[in-house]
Protein chains: 2
Amino acid sequence: MCGDMMFKQIVGEIEEELLILEDDLIRAVSTKRKLIEKPLMNMISSGGKRLRPAMLLAAARFGEYDFEIVRPLALSVELIHTATIIHDDIVDDSPIRRGVLSIQSQLGKDVAVYAGDYIFCKVFEILAASTYSNILEQVSKAMSQICEGELKQREDLFDTDLTFKDYLYRIQKKTAILFALSAQMGADVSKAPDKIIKALYSYGINIGMAFQIIDDLLDFTGDYKKLGKPTGSDIREGIITLPVIYALKHSDDRERLQEILKNKNTNEDEMSIAVEIIQKSGGLKYTEHMAERYVQKAKRSIVILPNTPMKKLLEDAPEVIARKCK
Amino acid sequence: MCGDMMFKQIVGEIEEELLILEDDLIRAVSTKRKLIEKPLMNMISSGGKRLRPAMLLAAARFGEYDFEIVRPLALSVELIHTATIIHDDIVDDSPIRRGVLSIQSQLGKDVAVYAGDYIFCKVFEILAASTYSNILEQVSKAMSQICEGELKQREDLFDTDLTFKDYLYRIQKKTAILFALSAQMGADVSKAPDKIIKALYSYGINIGMAFQIIDDLLDFTGDYKKLGKPTGSDIREGIITLPVIYALKHSDDRERLQEILKNKNTNEDEMSIAVEIIQKSGGLKYTEHMAERYVQKAKRSIVILPNTPMKKLLEDAPEVIARKCK
C-alpha cells in the first residue's frame, strides 16, 4: 500500500473510532436524573471537535495498539473537557456553548454545578475500573492543574500588570495539560517506549499552547457569527490575553488602554477604543507569531518518532489548527 | 485494664488521631492560588465534627489497625464532605457555613465552583497514591451517588407530591452513603472479615439516615442561634423533608399547606402558618420516631461484631446523635 493510501486509511480508522466514542459519551451521561440528562445529551450531541480523544487515539498507535484498551481513556479525556466547560460557563456566565444554550443558562448555576460534578465522578468511575495504576495518578494530577489554571485566570482578571510568563503559565495549566495528558496516556497504556511517551507529552503541551493562543487571538480577529460572541469578549470579562499584554507593553496608547481595562464598568464605546488600540499595537501579529512558534515546537517535539503515516498526521495537525486564525 | 479504662483509652486515641488529621486537612488545602487558600483554611479551621473520619478510624479497628494506612482515607472522606458542602452552598445560596461566611458568599459562586473542584481533585490525587485498587472504585461510585442525591433534591424542590420513599432514597444518597463508605473503607483496608465490613457498611447507612432525618427535624425544632438559620429554612428553599411529607398526608390543613409550599414566592406570614401546620400535624413526633428506628437499625447492624470497647462506642454513638433533637 502506498503512503497516501495508508494515510487515508489511518484517518478513516480514527474517524470510525471517534464515532464509536460518540455512543460511549451518550451512555456515560445517561442518568436517572432527568433534570440534567437532556441538557447533557444536547451538549454532547451539539458537537465539539473531539481533539483530545483523537490525540489519545493517535498517540496510542506508537505502541501496541488495542482500541478496547484506549477506549475508556479516550472517553475520559472528552468527559473531563466536558465537565470543565460546564463549570467554566458558570464562571464566565456564558449563555451559549457550541451553538446551544449552556447548561447554566438553561437550568441555572446550581444545576450546572452538579451536572459538572456528576461528569467528574463518571470520569473517576471509568478510570477506577482501569487496571493501569499510574493512569489515575496522571489524571488526578492533571485535573488539579487544570483547576489551578482556571483559578489563576480568575485571580488575574482585570490585572493589567500581567506578564507574558503569567499568561503562559495559565494557559499551560488551563488548556495544554489536557492535550499532553491525552497524548501521554494513549502512548503509555499501549506500552510505547519511554522516550516516545515523553515526546508525545511534549507535543501535546506545545499543540495545546498553540491552540489556546489562537483561540485567544480569534477573540480579536474572528468572525462574530462563527464564534457566537462579539470581538473583544475576553477583555469585557476582564480576561487579559497575549495580544492585550503586548499592547499594554508596546502601544503608544498603553496608558489609555490600561485605564479602560482596569475599569470593571467600562461602556461599549470605551471597549471599542480598547480593541482598536490592541489591534493597532501589533499585538495580533505578535500573537500569531507566538502561536507559530508553538506549532514549530510541537513539530520538533516528535522528530524522534518513527516515520509512519501517523507521524505525518501529527506533523500536519498543528498547521491545521493554526489555519483557524487566518 | 478494666472495660471503662479501655473505653476511655480508645476514645482518647481516636481524638489524638483526629488532631493529626487537622494538620493533614490544612496541608491538603494549601495552594499557590491565594484566592481560595485563605477561605479554605478558614473553613477547615472553623470546625465540623469530623464524624466521617471518626467513623473510618473506628471501623478500621475491627481489622489489623494501622493508622498510617487509614490516614489518607480518613482525610479523603472529610475532603469529600468539604467539597460537597462548598458546592451545596452555591446551590442553596447559603451565606453562612459553620458560623463563618460560606465561600460562595465571600468570593462569589464562580470561585466556589473551582474551590470545590480543587478539593475533589485533591481527593483523587490522594487516593491515586493508595495501593488498594478497589478503594477508588468504592469512592467514585459513592461520589456519583452523592451527586445523584443532590440532583434528586434539586429535582424535588417544591414538589408536594413527594413520597416517603422519594425522601428516603434522596437522603440515603445525599448523606448516608458517605457514612457507609467511611465505615466500609476503614474496615476493608484493615482486612477485617467480609461479614464485618458488610455489617459496618450497613451501620454507616443507618446512622447516616438517622443523622439526616434529625438534621431535617432540627430545621423545625432547633435553636435559631445554634443553627444560625431560622425555623423552616428548608421549606423556604422548597426542600420537602420528612415532617412536611407527613403533614401533607395527615394534617387537617393539608390543602392549605400544599398551597403555601407550592408557591415559590410565599411571604413570611404564610411561611409561619406552614410551619405551624407542620408542627401541629404530628409530623415532628413521627420524624423523631423514624430517626429512632434508624438508630435501632444501626445498633442491630453490628450485633455480629466482637464485643470490644470499640463496639460499645459504636453502639452508643447513634444515641449521641439522636440526642441532638431533644
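Quick caveat, the model's predicted, so the values are computed rather than measured. Just so we're on the same page: letters track the sequence lines, and every chain starts at 1.
- With chain A as the partner, the residue from B:Lys32, B:Lys122, B:Glu125 showing the most heavy-atom pairs under 4.5 Å is B:Glu125.
- Remark: A:Arg52 pairs with A:His81 by the side-chain hydrogen bond (donor to acceptor under 3.5 Å, both in side chains) rule, at least two apart or across chains.
- Checked by atom type and distance alone, the side chain of B:Thr31 pairs as donor or acceptor with a backbone atom of B:Arg33 at under 3.5 Å.
- Contact record, B:Val77 with B:Leu181: CG1-CD2, 4.4 Å, taken as the closest heavy-atom pair.
- The closest side-chain heavy-atom distance from B:Thr82 to B:Ile86 is below 4.5 Å.
- Contacts between residues 141-164 of chain B and chain A, defined by a heavy-atom separation under 4.5 Å, are made by B:Lys141, B:Met143, B:Ser144, B:Cys147, B:Glu148, B:Glu150, B:Leu151, B:Lys152, B:Arg154, B:Glu155.
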TODO: May I have the step-by-step check of ring pair (Phe, Tyr, Trp, His ring centres under 6.0 Å) for B:Phe211 and B:Phe179, ending in yes or no?
DONE: CA-CA 10 Å; B:Phe211 180 79; B:Phe179 281 89; 5.3 Å; yes
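- Put simply, the side chain of A:Asp234 never gets that close to the backbone of A:Ile239: no donor and acceptor are under 3.5 Å apart.
- The parts of A:Tyr118 that come within reach of chain B are both its backbone and its side chain, each placing non-hydrogen atoms under 4.5 angstrom from that chain.
- Listed for the A:Ser190 side chain is no donor-acceptor partner under 3.5 Å among the backbone atoms of A:Gly63.
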